[in-house]
Amino acid sequence: MYDANRRNFFIRSIAVVAGDIAIGTALASACLWLIEAATLGLFLSFIAWLLTALLALAVSQHVIHPTVQVLLSDRKLDAAVDTIHSLLQSAQHQLQNWRMA
């Protein structure tokens, strides 16, 4: 059971980091577009970047992390890992039969 909890924690951690990177990149692109389109000065550009960073943190905390917890529950992760494991065993069995023929 301990290995399954560690595995699930690792999968959730990768999902959260990927979501955080995606949100951060999207918001940084939007901020860059805003700065270029509005030709903001240095101070307003700094304020735009600061607000974007705060928005990225808020979206990560209130959207990404809860979504990952709901979508990647222990039950769902265990079912997915069991399914992949059985598919790989079946493929390995088919490959061994193919080699014997």
If you count the non-hydrogen atoms of other residues, nucleotides and ligands that lie under 6.0 Å from CG in Leu42, is the total more than 12? no
Does Ile35 belong to the same Ile/Leu/Val/Met/Phe/Trp/Tyr cluster as Leu51, with side-chain heavy atoms less than 4.5 Å apart forming each link? yes
From Leu57 CG over to Leu27 CG, what is the distance, rounded to the nearest 0.5 angstrom? 10.0 Å
Spacing of Leu44 atom CG and Thr39 atom OG1 [to the nearest 0.5 Å]: 10.0 Å
Return the CG to CZ distance between Asn97 and Arg99, rounded to the nearest 0.5 Å. 11.5 Å
Do the side chains of Val16 and Val63 join up, straight or via other hydrophobic residues, at under 4.5 Å, putting them in one cluster? yes
For the residue pair Trp49 and Ala28, what are the closest heavy atoms and their distance? CH2-O, 3.7 Å
If every non-hydrogen atom of Ser45 is compared with every non-hydrogen atom of Leu40, which pair is closest and at what distance? OG-O, 3.6 Å
Reference residue Asn8; test side chain to side chain contact (heavy atoms under 4.5 Å, CB included); the match among Leu72, Asp3, Asp78: Asp78
Separation between OG1 of Thr52 and CD1 of Ile23, rounded to the nearest 0.5 Å: 12.5 Å
Between CG of Leu77 and CG of Leu71, what distance do you get to the nearest 0.5 Å? 10.0 Å
Return the minimal non-hydrogen interatomic distance between Ser60 and Asp20, and the atom names on each side. OG-OD1, 2.5 Å
Hey, could you give me each pair passing salt bridge (charged side-chain N to carboxylate O under 4.0 Å, His left out) that has a residue in residues 47-75? Not counting sequence neighbours. Arg12-Asp74
For the hydrophobic clusters of this structure (ILVMFWY residues joined by side-chain heavy atoms under 4.5 Å, transitively), does one cluster hold both Leu32 and Phe43? yes
Strictly by modelled atom types, are Gln89 and His85 linked by a side-chain donor-acceptor pair under 3.5 Å? yes
Between Leu88 and Leu95, is there shared hydrophobic-cluster membership here, with clusters defined by ILVMFWY side-chain heavy atoms closer than 4.5 Å? no
Can you tell me how far apart NE2 (His93) and OG (Ser86) are? Round to the nearest 0.5 Å. 13.5 Å
